Structures are given as C-alpha cells and as structure tokens.
Asks: 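This is the structure, below, for whatever I ask next.
The first residue in the sequence is number 1, and the count goes up from there. Order of listing sets the numbers, starting from 1, for every ligand and every atom in it. Owing to the predicted nature of the structure, the values given are computational and were not obtained by experimental measurement.
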Amino acid sequence: MATTTVTINGNGTDAAAKPSISFTDNFVQIIDGKASPTKESRHGLNPANKQAKASVPVATKEDLDRATEAGKKAFKAWSKVPYEERRAKVLAYCDAMEALHTEFRELLTSEQGKPIPQATAETDAAIYWMRAIADIKLPEDVIEDNEKRSVVTRYVPLGVVGAIVPWNFPLLLATGKLAPALLTGNVIIIKPSPFTPYCGLKLVELAQQFFPPGVVQSLSGDDNLGPWLTSHEGIDKISFTGSTNTGKLVVKSASATLKRVTLELGGNDPAIVLPDVDVDKVAEKIAFFAFLNSGQICLNLKRIYVHESIFDEFRDALVKHVKAFSFGDGSKEGISHGPLQNKMQFDRVKTFFDDIESQGWKVAVGGKITPSDGFFVNPTIIDRPPENSRIVVEEPFGPIVPLLSYKTEEEVIDRANNTKMGLGASVWCNDIKKAERIAKEMQAGTVWINTHFDLSPAAPFGGHKESGIGTEWGTNGLKGFCNVQTLFLNKAIAS
Ligand code: NAD
C-alpha cells in the first residue's frame, strides 16, 4: 500500500482539501493535534502468518495526562461549535475515509485476519454508520410551554470520552463511538486494542485534517493503558466494547470518579429453530451466522437449538454447509474464513477442543486443530453436549459451536434464556405470529426472526444482563454521550 492522496468529494465543508496519509508505516498516537512519540514501542502480528507488523507506540501515564488536558481545552470550544458545523466536519471526514477505503480494508485484513469480503463490509459499515448517525437529530424536548414558563430538556455533552475498542471489529467499533461523541459535542480519545492498533491509529491521524487539535486523539498502549484511562479524573465517560470480565473491571475502576459508562459486552446468542422451517435454507444461514468472522463476533450464534423432529436432517445440512467454508489467509481471493486474531484467543479456544476428549463430546464436524503457520482453527460443531457444559455456558469466541435438540416451545424458551448473557437471540419459523410470540420472550437486547446480526445505525444496540449496560447508536445511543439538563424558563419577571 502506498501513500494516497485523498480528494474530498464534497459531502462536507472542506471540499478543496487534499489530505495524504501513509498506510505502510508511521503509526503514531496523536495528542493535541500532533504525533506524540514514545520511548517504548511494540508491534502486532498478522494472524495469518504470525509475522510482525510495524511498530506502534506504548503510551505512558504522562501521555494520558497530556491527552486529557488537551481534550479538556478542546472541549470548551468544540462543544460550542454549532451542530450543523460539527456534522459537516464529520461528513467531510467520512468522505476522506471513503477515498481511503482500499487502504483501510487491506490494513484491516492484515491486522485482524478477516477475509477481503468481510473487511470490505466492515469498512463500508464504518463509513455508513458515521453518515447515518450524522442524520439523527437530538432536539430539545419541550415539556411545557405557556405564558408563564417553558420547561425544556436539553442533551448536553459530557466532556472527554475515552473509547475502548476490542480487536474483532477495530474499524466499525471505533467509528461507531467517534461519530456520536463528536456530533453531540464531546471530544474523544480512542484506545485501540493492543492486538489491533493499526486502523484505529490511522483513523485518528486522518481526523486531524478535519477537527481542531485535541478533539480526536489516540493513545496506543499495552495492558496498563485501559485501567489508567478508566480511573483517570480527566475522563468524563468511558464507551467500552469488549468482554464481560473486562467490563466488570471497567465499572469498578470508573466508579471512583463516577464517570459515565456504556458497556457493550459478550454474548451467548441462541437460535431457536422450529420444525416448520425449510431445513437446508435455514441451516445454511445458521452456519453463516455461527461461523462468521471465525466465531469472533459478540453476536455470532453460540447455541443452536433445533426441534427434535428435524434434528438429524438439520445437523447433516449444517455440516454440509460448514464443510463448504474455505479457511485461510484472508488476503487471498476465495477465502471465506480467516484465522483467530491472536495467540491468547487461540489458546483459549484450544481449551474447548481439549474438552472434546476429556468430556466425551460427540463431534458432528471438525474436532481437531490442524497445525498451521497462523492462528487457524477448524470449524467444529459439537452434537448435543450437556446443557451445563462449558461449550454451552461460556462464550468460546472461536469457530466451535454446540448443536442442541429440544422437545417443547416452553422448554426451549427457558433453556435459551438460562444464561447470564443477553445480547442477541433469533427465532427461525415460518409461522411469523408464533415466531414473534417466542421472540418477545427472549431476554436479549436484540431479537431477530428468520435472520440474525442485522444491525442499523439508527437502532439502539446493547445487551441485557451481563451483556452490557446502556446502548450505542440510534437516538438512545446519542443520549448516552450526554448529560440531561432540564431548563425551567420563568417568563414572569421575578418580584
Ligand atoms: P477485552 O475485554 O479483552 O478487551 C477489550 C478492550 O479493553 C481492549 O482495548 C483492551 O485493551 C481493553 N482492556 C483490557 N483490560 C482492560 C481493563 N482492565 N480496563 C480497561 N480496558 C481494558 O475484549 P476483546 O478480547 O478485545 O474482545 C472480545 C470480547 O468483546 C468478546 O467477549 C465479545 O463478545 C466482546 N464484544 C462485544 C461487542 C458488543 O458490541 N457487545 C462487540 C464486539 C466484541
């Protein structure tokens, strides 16, 4: 990938600007509008071949202090910039991202491992999400308005937002926090995952060409940085996406300063398949949603409940579709599934494969990890493991999924809800009324009928139970970046 010159195509205000940015090297963190070098550096790995990627900074506590100071200063002015002006800058920034689509997409595959079609889809979605969120208005609510007084509820920005991003969607989950934070008048510090820092750092570098210093900053660090950020007095809100275990640490740490927190956490999504479905068609879709991104999505199907009357036929169809996947280096044409992203995740997923033998689980397909140069794991389906086994109760976050059978509707609803998680769920049935009735009984933030993983930037997204607190995206998501202020405007002169 070479340095690319970007021509802004006119959606925003900076139509004449021609920014350029290198995607091959120079991965810097940005504090107060400037690259901020660090003494120490580290690097990520390409998960398809374990080769070292370019070096990235390791932020210190002092870097964080400087970033929060710069953010505080920038917030004073940015929060007063009229909404339409902020929106125009966000849209101009989206245009620049779009012009750099190929560069972002290639960088994403090389750091995350996802194949070209999925990296393309994530890059498209990252841009689309920002544009769509820029179309959502957050007007004041007029509660009362008469001759004597008006009472108005306003949504005012919080200040400096710390955005903590995981390694499975490094682009989309960063822009999904950037746009609402900036549009509502906040400033933001992006902390990418140490496993996938590259796209996040380039996003913030590019942002400098559109936003004043201190409005969009980045910090690239090691495992110390997250806890420093969540406990820092200069951070007003943490927008966190990651695992449930880390989410609990974030709440604990943020409680000392009572900073606002939104948590988008893990999932253990069930699919409930009713007996009236077209088995082959539904099995194909369920295979897709269970194994997409090699099982490294919070919303992958992680428990598949199939009615006993169609179980054998469904299992065979599912196995057929899973066998058609092509696992390999995501940068190559024709690959549908890439490696796991990192060694930590690979080692964790391996423990579920160890359980196959020790627990005597029956395997429908896969079951062994073929040694390779990268973090590749063979797609695996476990045939009816016990309901209390790890593979049913925990989130493996890899391509290994339990297939379960059930007898009655009541029983399967109870089993689907019998989890600490509550992110998503789907019901697969030709009788839409019945499907809707079951869907409404699901304890999950998003429920689908005859699909899964459909998302919209205009719809709030969040988890019930231990899958999260609060929502992101949509009007509700924008409100999460605001304090509520009620204004009583007394029209009579005080006597
Ligand atoms: P993780 O919790 O290990 O890390 C997420 C981020 O938190 C990283 O940037 C990491 O550096 C940072 N972090 C680590 N320890 C921290 C601490 N003590 N304080 C503050 N920050 C800390 O998660 P991951 O392994 O990167 O991502 C996978 C998990 O994320 C899965 O459980 C998945 O379901 C979940 N996830 C949820 C959503 C959602 O929207 N609900 C989306 C994607 C991923």
Asks: Is there a side-chain contact between Arg348 and Phe397 (heavy atoms, below 4.5 Å)?
Replies: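 No, side chains not in contact.
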
Asks: Can a cation-pi geometry be assigned to Lys114 and Phe169, taking NZ or CZ under 6.0 Å from the six-membered ring centre and within 45° of the ring axis?
Replies: yes

Asks: Check whether any heavy atom of Pro227 sits under 4.0 Å from an atom of ligand 1.
Replies: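 Within the 4.0 Å threshold, so yes.
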
Asks: What atoms in ligand 1 come closer than 4.0 Å to a heavy atom of Thr246?
Replies: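 Those atoms are 1 (P), 2 (O), 3 (O), 13 (N), 14 (C), 15 (N), 16 (C), 17 (C), 22 (C).
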
Asks: Name the closest protein heavy atom to atom 30 (O) of ligand 1, giving the residue it belongs to and the distance to 0.1 Å.
Replies: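 Closest protein heavy atom to atom 30 (O) of ligand 1: Gly242 C, 2.9 Å.
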
Asks: Identify which of Ile238, Leu265, Asp269 has a heavy atom lying nearest to atom 37 (C) of ligand 1.
Replies: Leu265

Asks: Do protein heavy atoms approach atom 4 (O) of ligand 1 to less than 4.0 Å?
Replies: no

Asks: Drop me the distance from Leu403's CG to Ile391's CD1, to the nearest 0.5 angstrom.
Replies: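 So the CG of Leu403 and the CD1 of Ile391 are separated by 11.5 Å.
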
Asks: Using the side chain to side chain contact (heavy atoms under 4.5 Å, CB included) definition, which of the options Ile190, Thr241, Thr230, Leu173 pairs with Ile164?
Replies: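 Result for side chain to side chain contact (heavy atoms under 4.5 Å, CB included) with Ile164: Thr230.
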
Asks: Nearest 0.5 Å please: distance from the OG1 atom of Thr175 over to the CG atom of Leu203.
Replies: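 Between Thr175 OG1 and Leu203 CG, I get 7.0 Å after rounding to 0.5 Å.
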
Asks: Say whether Lys237 and Thr262, considering side chains only, have a donor N or O and an acceptor N or O under 3.5 Å apart.
Replies: yes

Asks: Counting only heavy atoms, which portion of Val165 has something under 4.0 Å from ligand 1: side chain, backbone, both, or neither?
Replies: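 Within the 4.0 Å criterion, Val165 contacts ligand 1 through backbone atoms alone.
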
Asks: Hey, is Phe240 one of the residues with a heavy atom under 4.0 angstrom from ligand 1?
Replies: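 Distance cut 4.0 Å: Phe240 passes for ligand 1.
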
Asks: Relative to the heavy atoms of Leu423, which atoms of ligand 1 are at a distance of less than 4.0 Å?
Replies: 41 (N)

Asks: Can we say Glu436 and Lys440 salt-bridge, meaning some charged N sits less than 4.0 Å from an Asp/Glu carboxylate O?
Replies: yes

Asks: Tell me the protein heavy atom at minimum distance from atom 23 (O) of ligand 1, and give that distance in Å.
Replies: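 Minimum-distance protein heavy atom for atom 23 (O) of ligand 1 reads Ser243 N, 3.3 Å.
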
Asks: Near Pro194, which atoms of ligand 1 are under 4.0 Å from a heavy atom of that residue?
Replies: 11 (O)

Asks: Tell me whether Arg315 is salt-bridged to Asp383, with the criterion being a basic N under 4.0 Å from an acidic carboxylate O.
Replies: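 Salt bridge: yes.
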
Asks: When only distance counts, is Trp167 in polar contact with ligand 1, meaning an N/O pair under 3.5 Å?
Replies: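 Checking ligand 1 against Trp167, an N or O pair does fall under 3.5 Å apart.
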
Asks: Hey, does Phe461 come in under 3.5 Å of ligand 1, counting only N/O atoms on both sides?
Replies: no

Asks: Consider only side-chain N and O atoms of Arg390 and Thr351, and report whether a donor and an acceptor are under 3.5 Å apart.
Replies: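 Yes, because at least one side-chain N or O of Arg390 sits under 3.5 Å from a partner of the opposite role on Thr351.
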
Asks: Hey, which atoms in ligand 1 end up nearer than 4.0 Å to a heavy atom of Leu173?
Replies: 42 (C), 43 (C)

Asks: Return yes when Phe169 approaches ligand 1 closer than 4.0 angstrom through a heavy atom, no otherwise.
Replies: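 The answer is no: ligand 1 sits nowhere under 4.0 Å from a heavy atom of Phe169.
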
Asks: Using distance alone, with no hydrogens and no angle criterion, decide if Gln341 and Thr196 have a side-chain donor and acceptor under 3.5 Å apart.
Replies: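 Looking only at side-chain atoms, Thr196 and Gln341 do not form any donor-acceptor pair under 3.5 Å.
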
Asks: Going by the atom numbers of ligand 1, which of them fall below 4.0 Å from some non-hydrogen atom of Ser193?
Replies: 9 (O)

Asks: Which ligand 1 atoms are under 4.0 Å away from a heavy-atom of Asn168?
Replies: 43 (C), 44 (C)

Asks: Strictly under 4.0 Å, does any heavy atom of Gly468 approach an atom of ligand 1?
Replies: no

Asks: May I ask you to test the Ile133-Trp129 pair for a side-chain heavy-atom distance under 4.5 Å?
Replies: yes

Asks: Between Phe27 and Lys202, is there a cation-pi geometry (under 6.0 Å to ring centre, at most 45° from the normal)?
Replies: yes

Asks: So which heavy atom in the protein is nearest atom 6 (C) of ligand 1, and how far is it from that ligand atom?
Replies: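 Nearest protein contact, heavy atoms only, for atom 6 (C) of ligand 1 is Ile164 CG2, 3.5 Å.
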
Asks: For Glu387, look at atom CD and say whether over 12 heavy atoms of other residues, nucleotides or ligands are found less than 6.0 Å away.
Replies: yes

Asks: Considering distance alone, does some N or O of Lys191 sit under 3.5 Å from an N or O of ligand 1?
Replies: yes

Asks: Should we say atom CG of Asp354 is surrounded by more than 12 heavy atoms from elsewhere, each under 6.0 Å from it?
Replies: yes

Asks: Purely on distance, is any nitrogen or oxygen of Thr241 under 3.5 Å from one on ligand 1?
Replies: no

Asks: Where is the nearest protein heavy atom to atom 27 (O) of ligand 1: which residue, which atom, and how far?
Replies: Pro166 CB, 3.5 Å

Asks: Can you tell me the protein heavy atom closest to atom 21 (N) of ligand 1 and the distance?
Replies: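 Heavy-atom neighbour on the protein nearest atom 21 (N) of ligand 1: Gly226 CA, 3.5 Å.
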
Asks: For atom 28 (C) of ligand 1, what's the nearest protein heavy-atom neighbour? Residue, atom name and distance, please.
Replies: Phe397 CE2, 3.5 Å

Asks: I'd like to check which ligand 1 atoms, numbered from 1 as shown, lie under 4.0 Å from a non-hydrogen atom of Glu395.
Replies: 31 (C), 32 (O), 33 (C), 34 (O)

Asks: Can you find a side-chain donor-acceptor pair between Asp329 and Ser331 that sits under 3.5 Å?
Replies: yes

Asks: What is the closest protein heavy atom to atom 38 (C) of ligand 1, and at what distance does it sit?
Replies: Cys298 SG, 3.1 Å

